[in-house]
> 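The structure is given below, and queries will be raised subsequently.
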2 protein chains.
Amino acid sequence: MPGPRAATPPAEPRRPRIAAAERERMIVDAAIGFFAEEGFSGQTRQLAQSIGISHSVLYRHFPGKEELIATVCAEMFERRWREEWTEILRDPAPSLEERLLRFYREAGTLLLSPEWMRIAVMTGLSGAAAPSGLSSLLHDRIIRPIADAIQATCADRPLPRDVAEQRAWALHGRVFYLGARGAIWRGATPRSQDAALAAAIAGFCRGARALTEAEA
Amino acid sequence: MPGPRAATPPAEPRRPRIAAAERERMIVDAAIGFFAEEGFSGQTRQLAQSIGISHSVLYRHFPGKEELIATVCAEMFERRWREEWTEILRDPAPSLEERLLRFYREAGTLLLSPEWMRIAVMTGLSGAAAPSGLSSLLHDRIIRPIADAIQATCADRPLPRDVAEQRAWALHGRVFYLGARGAIWRGATPRSQDAALAAAIAGFCRGARALTEAEA
DNA sequence: GTGACTATTTACCGCTTGGTCACAAAGCGC
DNA sequence: GCGCTTTGTGACCAAGCGGTAAATAGTCAC
(Lines give C-alpha, C1' and ligand atoms only; values in the text may rest on other atoms or scores of the structure.)
Protein backbone atom coordinates (compact mmCIF):
# COMPACT_ATOMS: atom_id res chain seq x y z
CA MET A 1 0.00 0.00 0.00
CA PRO A 2 1.67 3.15 -1.23
CA GLY A 3 1.10 5.64 1.54
CA PRO A 4 1.77 9.35 1.16
CA ARG A 5 4.71 10.15 -1.03
CA ALA A 6 8.00 9.37 0.66
CA ALA A 7 9.91 12.29 2.07
CA THR A 8 13.11 12.13 0.07
CA PRO A 9 16.37 13.60 1.29
CA PRO A 10 17.86 16.06 -1.18
CA ALA A 11 20.44 14.45 -3.38
CA GLU A 12 21.59 17.51 -5.30
CA PRO A 13 22.64 20.85 -3.88
CA ARG A 14 19.80 23.33 -4.00
CA ARG A 15 19.91 26.19 -6.44
CA PRO A 16 19.86 29.66 -4.93
CA ARG A 17 16.43 31.11 -4.34
CA ILE A 18 15.55 33.82 -6.77
CA ALA A 19 12.66 36.28 -6.71
CA ALA A 20 9.71 35.22 -8.84
CA ALA A 21 9.87 38.16 -11.23
CA GLU A 22 13.53 37.64 -11.89
CA ARG A 23 13.12 33.92 -12.36
CA GLU A 24 10.36 34.55 -14.85
CA ARG A 25 12.63 36.84 -16.82
CA MET A 26 15.31 34.18 -16.85
CA ILE A 27 12.82 31.61 -18.06
CA VAL A 28 11.41 33.79 -20.81
CA ASP A 29 14.82 34.84 -22.02
CA ALA A 30 16.04 31.27 -22.09
CA ALA A 31 12.82 30.08 -23.68
CA ILE A 32 13.25 32.49 -26.57
CA GLY A 33 16.59 31.02 -27.49
CA PHE A 34 15.44 27.52 -26.79
CA PHE A 35 12.23 27.53 -28.79
CA ALA A 36 13.87 29.48 -31.59
CA GLU A 37 16.36 26.68 -31.92
CA GLU A 38 14.28 23.60 -31.14
CA GLY A 39 10.87 24.66 -32.33
CA PHE A 40 7.74 24.90 -30.23
CA SER A 41 7.75 21.14 -29.88
CA GLY A 42 10.95 21.32 -27.87
CA GLN A 43 10.57 19.69 -24.48
CA THR A 44 10.02 21.71 -21.35
CA ARG A 45 12.39 19.42 -19.47
CA GLN A 46 15.19 20.26 -21.84
CA LEU A 47 14.44 23.95 -21.55
CA ALA A 48 14.54 23.69 -17.76
CA GLN A 49 17.83 21.84 -17.93
CA SER A 50 19.32 24.54 -20.13
CA ILE A 51 18.41 27.10 -17.48
CA GLY A 52 19.70 24.88 -14.75
CA ILE A 53 16.46 24.32 -12.87
CA SER A 54 14.20 21.35 -12.46
CA HIS A 55 11.37 21.34 -14.93
CA SER A 56 8.58 21.70 -12.42
CA VAL A 57 9.78 25.21 -11.64
CA LEU A 58 8.48 26.17 -15.06
CA TYR A 59 5.00 25.15 -14.01
CA ARG A 60 5.12 27.21 -10.88
CA HIS A 61 5.66 30.33 -12.95
CA PHE A 62 3.57 29.47 -15.99
CA PRO A 63 0.30 27.54 -16.01
CA GLY A 64 1.47 25.45 -18.94
CA LYS A 65 3.67 25.19 -21.95
CA GLU A 66 1.18 27.00 -24.13
CA GLU A 67 1.13 30.05 -21.89
CA LEU A 68 4.90 30.08 -21.79
CA ILE A 69 5.00 30.12 -25.57
CA ALA A 70 2.40 32.88 -25.61
CA THR A 71 4.60 34.88 -23.25
CA VAL A 72 7.59 34.32 -25.49
CA CYS A 73 5.59 35.59 -28.47
CA ALA A 74 4.34 38.62 -26.57
CA GLU A 75 7.91 39.41 -25.60
CA MET A 76 9.09 39.17 -29.19
CA PHE A 77 6.16 40.78 -30.97
CA GLU A 78 5.11 43.42 -28.47
CA ARG A 79 7.41 44.12 -25.57
CA ARG A 80 10.63 44.32 -27.53
CA TRP A 81 9.28 46.66 -30.16
CA ARG A 82 10.44 50.24 -29.75
CA GLU A 83 7.87 52.75 -30.83
CA GLU A 84 10.60 55.15 -31.91
CA TRP A 85 11.43 52.79 -34.75
CA THR A 86 8.05 53.46 -36.26
CA GLU A 87 8.62 57.17 -35.65
CA ILE A 88 11.61 57.08 -37.97
CA LEU A 89 9.25 56.31 -40.81
CA ARG A 90 6.96 59.17 -39.89
CA ASP A 91 9.67 61.81 -39.73
CA PRO A 92 9.08 63.79 -42.91
CA ALA A 93 12.52 65.40 -43.05
CA PRO A 94 14.91 62.94 -44.73
CA SER A 95 14.27 61.29 -48.04
CA LEU A 96 12.17 58.15 -48.21
CA GLU A 97 15.21 56.07 -48.97
CA GLU A 98 17.09 57.37 -45.99
CA ARG A 99 14.14 56.88 -43.68
CA LEU A 100 13.72 53.30 -44.81
CA LEU A 101 17.39 52.62 -44.39
CA ARG A 102 17.43 54.08 -40.90
CA PHE A 103 14.28 52.22 -39.98
CA TYR A 104 15.55 48.83 -41.05
CA ARG A 105 18.95 49.44 -39.55
CA GLU A 106 17.38 50.13 -36.16
CA ALA A 107 14.45 47.75 -36.22
CA GLY A 108 16.61 45.14 -37.91
CA THR A 109 18.39 44.52 -34.65
CA LEU A 110 15.13 42.85 -33.63
CA LEU A 111 13.44 41.90 -36.91
CA LEU A 112 16.48 40.35 -38.52
CA SER A 113 17.75 38.51 -35.46
CA PRO A 114 17.64 34.73 -35.93
CA GLU A 115 15.47 34.34 -32.84
CA TRP A 116 12.86 36.77 -34.08
CA MET A 117 12.75 35.38 -37.59
CA ARG A 118 12.55 31.77 -36.54
CA ILE A 119 9.88 32.38 -33.93
CA ALA A 120 7.90 34.54 -36.34
CA VAL A 121 7.93 31.76 -38.91
CA MET A 122 7.05 29.10 -36.36
CA THR A 123 4.18 31.20 -35.14
CA GLY A 124 2.91 31.41 -38.68
CA LEU A 125 3.25 27.69 -39.29
CA SER A 126 1.50 26.88 -36.06
CA GLY A 127 -1.45 28.98 -37.16
CA ALA A 128 -1.23 31.37 -34.22
CA ALA A 129 0.04 34.45 -36.03
CA ALA A 130 -2.99 36.64 -35.43
CA PRO A 131 -3.48 35.99 -31.69
CA SER A 132 0.26 36.29 -31.05
CA GLY A 133 0.37 39.95 -31.98
CA LEU A 134 2.67 39.31 -34.92
CA SER A 135 0.10 40.32 -37.51
CA SER A 136 -0.71 43.60 -35.84
CA LEU A 137 2.95 44.41 -35.29
CA LEU A 138 3.65 43.81 -38.94
CA HIS A 139 0.68 45.67 -40.27
CA ASP A 140 0.21 48.55 -37.85
CA ARG A 141 3.81 49.36 -37.07
CA ILE A 142 5.65 48.43 -40.24
CA ILE A 143 3.62 48.00 -43.42
CA ARG A 144 1.12 50.80 -42.87
CA PRO A 145 3.72 53.41 -41.90
CA ILE A 146 5.88 52.42 -44.86
CA ALA A 147 2.90 52.67 -47.18
CA ASP A 148 2.10 56.07 -45.70
CA ALA A 149 5.62 57.21 -46.39
CA ILE A 150 5.48 55.90 -49.93
CA GLN A 151 2.22 57.68 -50.59
CA ALA A 152 3.52 60.92 -49.13
CA THR A 153 6.58 60.97 -51.36
CA CYS A 154 4.61 60.85 -54.56
CA ALA A 155 1.94 63.32 -53.56
CA ASP A 156 1.96 64.88 -56.99
CA ARG A 157 0.63 61.69 -58.55
CA PRO A 158 -1.61 60.11 -55.90
CA LEU A 159 -0.91 56.43 -55.42
CA PRO A 160 -3.82 54.10 -54.56
CA ARG A 161 -3.72 52.80 -51.03
CA ASP A 162 -3.54 49.14 -51.95
CA VAL A 163 -0.71 49.71 -54.41
CA ALA A 164 1.28 51.52 -51.75
CA GLU A 165 0.74 48.69 -49.27
CA GLN A 166 1.65 46.15 -51.88
CA ARG A 167 4.92 47.95 -52.50
CA ALA A 168 5.56 48.08 -48.79
CA TRP A 169 5.04 44.33 -48.59
CA ALA A 170 7.40 43.86 -51.50
CA LEU A 171 10.15 45.79 -49.78
CA HIS A 172 9.56 44.08 -46.49
CA GLY A 173 9.63 40.70 -48.15
CA ARG A 174 12.92 41.47 -49.73
CA VAL A 175 14.43 42.54 -46.43
CA PHE A 176 12.88 39.64 -44.58
CA TYR A 177 14.26 37.09 -46.99
CA LEU A 178 17.66 38.70 -46.60
CA GLY A 179 17.69 37.65 -42.98
CA ALA A 180 15.76 34.45 -43.48
CA ARG A 181 18.42 32.91 -45.69
CA GLY A 182 20.74 32.86 -42.73
CA ALA A 183 18.29 32.47 -39.89
CA ILE A 184 15.98 29.83 -41.34
CA TRP A 185 17.99 27.92 -43.89
CA ARG A 186 21.42 28.61 -42.45
CA GLY A 187 22.70 29.40 -45.89
CA ALA A 188 25.64 31.64 -46.63
CA THR A 189 24.73 35.23 -45.92
CA PRO A 190 26.12 38.12 -47.94
CA ARG A 191 29.39 39.30 -46.48
CA SER A 192 27.90 42.52 -45.25
CA GLN A 193 24.26 42.40 -44.27
CA ASP A 194 24.22 46.15 -43.98
CA ALA A 195 25.43 46.62 -47.54
CA ALA A 196 22.84 44.13 -48.75
CA LEU A 197 20.18 46.01 -46.85
CA ALA A 198 21.23 49.29 -48.42
CA ALA A 199 21.23 47.67 -51.85
CA ALA A 200 17.77 46.21 -51.31
CA ILE A 201 16.34 49.54 -50.27
CA ALA A 202 18.08 51.42 -53.05
CA GLY A 203 16.87 48.90 -55.60
CA PHE A 204 13.37 49.15 -54.25
CA CYS A 205 13.26 52.94 -54.40
CA ARG A 206 14.68 53.06 -57.92
CA GLY A 207 12.30 50.37 -59.05
CA ALA A 208 9.29 52.03 -57.53
CA ARG A 209 10.21 55.37 -59.07
CA ALA A 210 10.81 53.91 -62.50
CA LEU A 211 7.58 51.95 -62.28
CA THR A 212 5.58 55.04 -61.37
CA GLU A 213 7.13 57.02 -64.20
CA ALA A 214 6.54 54.23 -66.68
CA GLU A 215 2.86 54.24 -65.79
CA ALA A 216 2.49 57.90 -66.66
CA MET B 1 1.58 -16.41 -17.84
CA PRO B 2 0.90 -14.36 -20.91
CA GLY B 3 1.56 -16.78 -23.71
CA PRO B 4 1.94 -15.77 -27.36
CA ARG B 5 -0.18 -12.81 -28.35
CA ALA B 6 -3.83 -13.66 -28.54
CA ALA B 7 -5.24 -14.18 -31.99
CA THR B 8 -7.92 -11.52 -32.21
CA PRO B 9 -10.86 -11.85 -34.54
CA PRO B 10 -11.15 -8.92 -36.94
CA ALA B 11 -13.55 -6.31 -35.69
CA GLU B 12 -13.46 -3.96 -38.66
CA PRO B 13 -13.85 -4.81 -42.31
CA ARG B 14 -10.53 -5.12 -44.05
CA ARG B 15 -9.34 -2.45 -46.42
CA PRO B 16 -8.72 -3.60 -49.95
CA ARG B 17 -5.25 -4.89 -50.70
CA ILE B 18 -3.20 -2.51 -52.80
CA ALA B 19 0.12 -3.04 -54.56
CA ALA B 20 3.10 -1.79 -52.61
CA ALA B 21 4.16 0.84 -55.13
CA GLU B 22 0.70 2.31 -55.32
CA ARG B 23 0.29 2.33 -51.57
CA GLU B 24 3.58 4.11 -51.19
CA ARG B 25 2.42 6.80 -53.59
CA MET B 26 -0.77 7.21 -51.60
CA ILE B 27 1.20 7.55 -48.41
CA VAL B 28 3.68 10.07 -49.78
CA ASP B 29 0.96 12.17 -51.36
CA ALA B 30 -1.05 12.22 -48.16
CA ALA B 31 2.04 12.83 -46.07
CA ILE B 32 2.83 15.96 -48.06
CA GLY B 33 -0.48 17.54 -47.22
CA PHE B 34 -0.41 16.23 -43.70
CA PHE B 35 3.06 17.38 -42.71
CA ALA B 36 2.58 20.68 -44.52
CA GLU B 37 -0.40 21.33 -42.30
CA GLU B 38 0.64 19.76 -39.01
CA GLY B 39 4.38 20.18 -39.12
CA PHE B 40 6.95 17.42 -38.99
CA SER B 41 5.94 16.72 -35.41
CA GLY B 42 2.52 15.57 -36.56
CA GLN B 43 1.77 12.04 -35.43
CA THR B 44 2.10 9.09 -37.73
CA ARG B 45 -1.12 7.65 -36.33
CA GLN B 46 -3.03 10.70 -37.39
CA LEU B 47 -1.47 10.58 -40.83
CA ALA B 48 -2.45 6.93 -41.18
CA GLN B 49 -5.97 7.72 -40.10
CA SER B 50 -6.25 10.45 -42.70
CA ILE B 51 -5.31 7.90 -45.36
CA GLY B 52 -7.69 5.37 -43.88
CA ILE B 53 -5.17 2.72 -42.94
CA SER B 54 -3.86 1.48 -39.64
CA HIS B 55 -0.65 3.15 -38.65
CA SER B 56 1.49 0.06 -38.76
CA VAL B 57 1.07 0.00 -42.52
CA LEU B 58 3.29 3.06 -42.65
CA TYR B 59 6.07 1.09 -41.05
CA ARG B 60 5.74 -1.69 -43.56
CA HIS B 61 6.54 0.74 -46.35
CA PHE B 62 8.95 3.09 -44.59
CA PRO B 63 11.55 2.12 -42.00
CA GLY B 64 10.60 5.05 -39.80
CA LYS B 65 9.09 8.47 -39.61
CA GLU B 66 12.35 10.13 -40.49
CA GLU B 67 12.67 8.25 -43.75
CA LEU B 68 9.09 9.08 -44.62
CA ILE B 69 9.83 12.75 -44.13
CA ALA B 70 12.97 12.42 -46.21
CA THR B 71 10.89 10.87 -48.98
CA VAL B 72 8.42 13.71 -48.76
CA CYS B 73 11.25 16.22 -49.09
CA ALA B 74 12.76 14.38 -52.02
CA GLU B 75 9.38 14.41 -53.72
CA MET B 76 8.99 18.13 -53.19
CA PHE B 77 12.54 19.28 -53.84
CA GLU B 78 13.65 16.87 -56.54
CA ARG B 79 11.02 14.72 -58.15
CA ARG B 80 8.44 17.44 -58.74
CA TRP B 81 10.89 19.86 -60.28
CA ARG B 82 10.58 20.13 -64.07
CA GLU B 83 13.87 20.76 -65.76
CA GLU B 84 12.12 22.74 -68.49
CA TRP B 85 11.37 25.43 -65.96
CA THR B 86 15.05 26.13 -65.63
CA GLU B 87 15.30 26.03 -69.43
CA ILE B 88 12.96 29.01 -69.63
CA LEU B 89 15.62 31.09 -67.94
CA ARG B 90 18.29 29.93 -70.34
CA ASP B 91 16.35 30.70 -73.49
CA PRO B 92 18.09 33.83 -74.77
CA ALA B 93 15.26 34.99 -77.05
CA PRO B 94 12.77 36.93 -74.93
CA SER B 95 13.68 39.82 -72.69
CA LEU B 96 14.93 39.15 -69.18
CA GLU B 97 11.69 40.41 -67.71
CA GLU B 98 9.60 38.14 -69.84
CA ARG B 99 11.76 35.13 -69.10
CA LEU B 100 11.51 35.77 -65.38
CA LEU B 101 7.78 36.19 -65.59
CA ARG B 102 7.35 32.98 -67.54
CA PHE B 103 9.67 31.13 -65.22
CA TYR B 104 7.87 32.14 -62.06
CA ARG B 105 4.49 31.60 -63.62
CA GLU B 106 5.40 28.02 -64.47
CA ALA B 107 7.59 27.10 -61.53
CA GLY B 108 5.27 29.01 -59.24
CA THR B 109 2.72 26.24 -59.52
CA LEU B 110 5.16 24.28 -57.36
CA LEU B 111 7.24 26.92 -55.57
CA LEU B 112 4.33 29.08 -54.49
CA SER B 113 2.02 26.28 -53.46
CA PRO B 114 1.28 26.32 -49.72
CA GLU B 115 2.56 22.76 -49.35
CA TRP B 116 5.88 23.55 -50.95
CA MET B 117 6.43 26.77 -49.04
CA ARG B 118 5.47 25.33 -45.69
CA ILE B 119 7.59 22.23 -46.08
CA ALA B 120 10.51 24.28 -47.37
CA VAL B 121 10.35 26.50 -44.30
CA MET B 122 9.97 23.55 -41.94
CA THR B 123 12.95 21.88 -43.52
CA GLY B 124 14.95 25.00 -42.89
CA LEU B 125 13.84 25.30 -39.30
CA SER B 126 14.59 21.67 -38.64
CA GLY B 127 18.14 22.22 -39.85
CA ALA B 128 17.88 19.69 -42.66
CA ALA B 129 17.86 22.05 -45.62
CA ALA B 130 21.13 20.94 -47.16
CA PRO B 131 20.61 17.15 -47.00
CA SER B 132 17.03 17.48 -48.21
CA GLY B 133 18.04 18.77 -51.62
CA LEU B 134 16.34 22.10 -51.05
CA SER B 135 19.58 24.05 -51.06
CA SER B 136 20.78 22.58 -54.30
CA LEU B 137 17.41 23.03 -55.97
CA LEU B 138 17.39 26.65 -54.98
CA HIS B 139 20.93 27.39 -55.90
CA ASP B 140 21.59 25.23 -58.96
CA ARG B 141 18.22 25.44 -60.64
CA ILE B 142 16.94 28.87 -59.65
CA ILE B 143 19.43 31.39 -58.30
CA ARG B 144 22.36 30.52 -60.53
CA PRO B 145 20.36 30.50 -63.77
CA ILE B 146 18.71 33.77 -62.82
CA ALA B 147 22.09 35.30 -62.05
CA ASP B 148 23.37 34.01 -65.39
CA ALA B 149 20.47 35.67 -67.14
CA ILE B 150 21.05 38.92 -65.31
CA GLN B 151 24.71 38.92 -66.19
CA ALA B 152 23.97 38.17 -69.83
CA THR B 153 21.59 41.09 -70.18
CA CYS B 154 24.12 43.67 -69.15
CA ALA B 155 27.03 42.29 -71.07
CA ASP B 156 28.18 45.76 -72.03
CA ARG B 157 28.98 46.61 -68.42
CA PRO B 158 30.12 43.35 -66.84
CA LEU B 159 28.42 42.66 -63.51
CA PRO B 160 30.40 40.87 -60.81
CA ARG B 161 29.22 37.38 -60.11
CA ASP B 162 28.33 37.95 -56.49
CA VAL B 163 26.34 41.08 -57.28
CA ALA B 164 24.34 39.20 -59.87
CA GLU B 165 23.60 36.41 -57.43
CA GLN B 166 22.67 38.87 -54.76
CA ARG B 167 20.16 40.46 -57.11
CA ALA B 168 18.78 37.06 -57.97
CA TRP B 169 18.29 36.37 -54.27
CA ALA B 170 16.57 39.71 -53.88
CA LEU B 171 14.09 38.91 -56.61
CA HIS B 172 13.51 35.45 -55.35
CA GLY B 173 12.97 36.72 -51.84
CA ARG B 174 10.40 39.12 -53.05
CA VAL B 175 8.52 36.44 -54.94
CA PHE B 176 8.86 33.98 -52.08
CA TYR B 177 7.45 36.38 -49.56
CA LEU B 178 4.56 37.01 -51.91
CA GLY B 179 3.47 33.43 -51.47
CA ALA B 180 4.62 33.12 -47.90
CA ARG B 181 2.21 35.73 -46.63
CA GLY B 182 -0.65 33.47 -47.53
CA ALA B 183 0.95 30.07 -47.07
CA ILE B 184 2.81 30.63 -43.80
CA TRP B 185 0.97 33.40 -42.00
CA ARG B 186 -2.41 32.94 -43.61
CA GLY B 187 -2.66 36.64 -44.16
CA ALA B 188 -4.70 38.31 -46.84
CA THR B 189 -3.13 37.73 -50.22
CA PRO B 190 -3.27 40.34 -52.96
CA ARG B 191 -6.38 39.88 -55.04
CA SER B 192 -4.44 38.63 -58.02
CA GLN B 193 -1.27 36.77 -57.27
CA ASP B 194 -0.35 36.85 -60.92
CA ALA B 195 -0.60 40.63 -61.08
CA ALA B 196 1.48 40.90 -57.91
CA LEU B 197 4.05 38.59 -59.46
CA ALA B 198 4.22 40.70 -62.60
CA ALA B 199 4.57 43.85 -60.52
CA ALA B 200 7.34 42.32 -58.43
CA ILE B 201 9.30 41.30 -61.49
CA ALA B 202 8.72 44.60 -63.25
CA GLY B 203 9.81 46.52 -60.16
CA PHE B 204 12.87 44.36 -59.85
CA CYS B 205 13.94 44.86 -63.45
CA ARG B 206 13.41 48.60 -63.35
CA GLY B 207 15.23 48.84 -60.03
CA ALA B 208 18.16 46.80 -61.22
CA ARG B 209 18.45 48.83 -64.40
CA ALA B 210 18.26 52.15 -62.58
CA LEU B 211 20.77 50.95 -60.04
CA THR B 212 23.23 49.88 -62.70
CA GLU B 213 22.88 53.19 -64.50
CA ALA B 214 23.29 55.15 -61.30
CA GLU B 215 26.56 53.38 -60.64
CA ALA B 216 28.03 54.47 -63.95
C1' DG C 1 14.83 32.67 17.33
C1' DT C 2 10.25 31.69 15.37
C1' DG C 3 6.69 31.36 12.25
C1' DA C 4 4.83 32.40 7.74
C1' DC C 5 5.80 32.38 3.08
C1' DT C 6 7.42 30.72 -1.06
C1' DA C 7 11.01 28.88 -4.23
C1' DT C 8 12.79 24.45 -5.32
C1' DT C 9 13.12 19.57 -5.69
C1' DT C 10 12.02 14.51 -6.21
C1' DA C 11 8.77 11.31 -7.35
C1' DC C 12 4.96 10.20 -9.68
C1' DC C 13 0.71 10.06 -13.00
C1' DG C 14 -1.35 9.27 -17.28
C1' DC C 15 -1.44 9.96 -21.90
C1' DT C 16 1.08 10.14 -26.19
C1' DT C 17 3.87 8.31 -29.62
C1' DG C 18 7.34 6.02 -32.64
C1' DG C 19 7.98 1.46 -33.52
C1' DT C 20 7.36 -3.98 -33.27
C1' DC C 21 5.02 -8.49 -33.45
C1' DA C 22 2.20 -12.34 -34.30
C1' DC C 23 -1.37 -13.34 -36.90
C1' DA C 24 -5.22 -13.14 -40.48
C1' DA C 25 -6.73 -12.74 -44.90
C1' DA C 26 -6.24 -11.74 -49.95
C1' DG C 27 -4.23 -12.91 -54.15
C1' DC C 28 -1.54 -16.12 -57.21
C1' DG C 29 0.66 -20.07 -59.46
C1' DC C 30 -0.25 -24.74 -59.89
C1' DG D 1 -8.00 -26.94 -53.40
C1' DC D 2 -3.27 -25.82 -51.65
C1' DG D 3 0.62 -23.61 -50.25
C1' DC D 4 3.46 -19.36 -50.77
C1' DT D 5 3.95 -14.57 -50.70
C1' DT D 6 2.26 -10.12 -49.74
C1' DT D 7 -0.69 -6.81 -47.47
C1' DG D 8 -3.33 -5.31 -43.58
C1' DT D 9 -4.64 -5.34 -38.48
C1' DG D 10 -4.94 -4.87 -33.51
C1' DA D 11 -2.38 -5.51 -29.41
C1' DC D 12 1.56 -4.37 -27.28
C1' DC D 13 6.09 -2.03 -25.75
C1' DA D 14 9.13 1.41 -23.95
C1' DA D 15 10.46 5.85 -23.86
C1' DG D 16 8.96 10.51 -23.90
C1' DC D 17 6.35 14.10 -22.26
C1' DG D 18 3.15 17.68 -20.07
C1' DG D 19 1.65 18.35 -15.77
C1' DT D 20 0.81 17.54 -10.41
C1' DA D 21 1.70 16.68 -5.42
C1' DA D 22 4.04 16.35 -1.27
C1' DA D 23 7.84 17.58 1.04
C1' DT D 24 12.14 20.46 1.86
C1' DA D 25 14.58 24.54 2.80
C1' DG D 26 15.95 29.48 2.13
C1' DT D 27 14.41 34.13 3.51
C1' DC D 28 12.14 37.78 5.69
C1' DA D 29 9.30 40.32 9.24
C1' DC D 30 8.88 40.55 13.85
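Computed from heavy atoms alone, side chains included, the values below leave out hydrogens, waters and symmetry copies.
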> Mark yes or no for whether A:Gln46, through its side chain, and A:Gln43, through its backbone, hold a donor-acceptor pair below 3.5 Å.
no
> Report the distance from atom CG of A:Leu58 to atom C1' of D:dT20, rounded to the nearest whole Å.
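Those two atoms, CG and C1', are 14 Å apart.
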> Hey, what's the ring geometry for A:Phe176 with A:His172, parallel, tilted or perpendicular (30° and 60° as the breaks)?
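A:Phe176 vs A:His172 ring planes: tilted.
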> What is the nucleic acid contact for A:Ala19, judged by heavy atoms within less than 4.0 Å: base, sugar-phosphate only, or nothing?
nothing
> Over how many whole Å does the gap from A:Leu47 atom CG to D:dG16 atom C1' extend?
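The distance from CG of A:Leu47 to C1' of D:dG16 comes to 16 Å, rounded to the nearest Å.
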> Give one of base, sugar-phosphate or nothing for B:Gly42, where a contact means two heavy atoms less than 4.0 Å apart.
sugar-phosphate
> Does C:dT20 have OP1 or OP2 under 4.0 Å away from a side-chain N or O of B:Tyr59?
no
> Here's a test for you: under salt bridge (Lys or Arg N to Asp or Glu O under 4.0 Å), which of B:Glu78, B:Glu87, B:Glu83 qualifies with B:Arg141?
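Result: among B:Glu78, B:Glu87, B:Glu83, B:Glu83 is the only option passing the salt bridge (Lys or Arg N to Asp or Glu O under 4.0 Å) with B:Arg141.
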> With sugar-phosphate meaning primed atoms plus P, OP1 and OP2, does A:Thr44 contact a base, only sugar-phosphate, or nothing at under 4.0 Å between heavy atoms?
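If one applies the 4.0 Å heavy-atom cut-off, A:Thr44 turns out to touch the sugar-phosphate alone, with no base involved.
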> Describe, in one word, how the ring planes of A:Tyr177 and A:Trp185 are oriented to each other, choosing from parallel (under 30°), tilted (30 to 60°) and perpendicular (over 60°).
tilted
> Rounded to whole angstrom units, what separation is found between the NE2 atom of B:His55 and the P atom of D:dC12?
14 Å
> Grab the CZ-P distance between A:Arg23 and D:dT27 for me, whole Å please.
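So the CZ-P distance, A:Arg23 to D:dT27, works out to 12 Å.
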> For A:Lys65 and D:dG18, what is the distance between atoms NZ and P respectively, to the nearest whole Å?
4 Å
> Between C:dA7 atom P and A:Ile51 atom CD1, what is the distance in whole Å?
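The distance from CD1 of A:Ile51 to P of C:dA7 comes to 15 Å, rounded to the nearest Å.
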> Rounding to a whole Å, what distance do you find between A:Phe34:CZ and D:dC17:C1'?
12 Å
> If you only use heavy atoms from C-beta on, which nucleotide in C:dG19, D:dT20, C:dT20 is closest to the side chain of B:Arg45?
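Taking heavy atoms from C-beta onward, the closest nucleotide is C:dG19.
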> Reckon A:His61 has a side-chain N or O less than 4.0 Å from the OP1 or OP2 of C:dA7?
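Answer is no, no contact under 4.0 Å.
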> From C-beta outward on A:Gln43, which listed nucleotide comes closest to its side chain: C:dG27, C:dT6, D:dC17?
D:dC17
> For B:Ile18 and for A:Phe40, locate the closest nucleotide of DNA chain D by heavy-atom distance; then report the residue assigned to the nucleotide nearer the 5' terminus.
B:Ile18
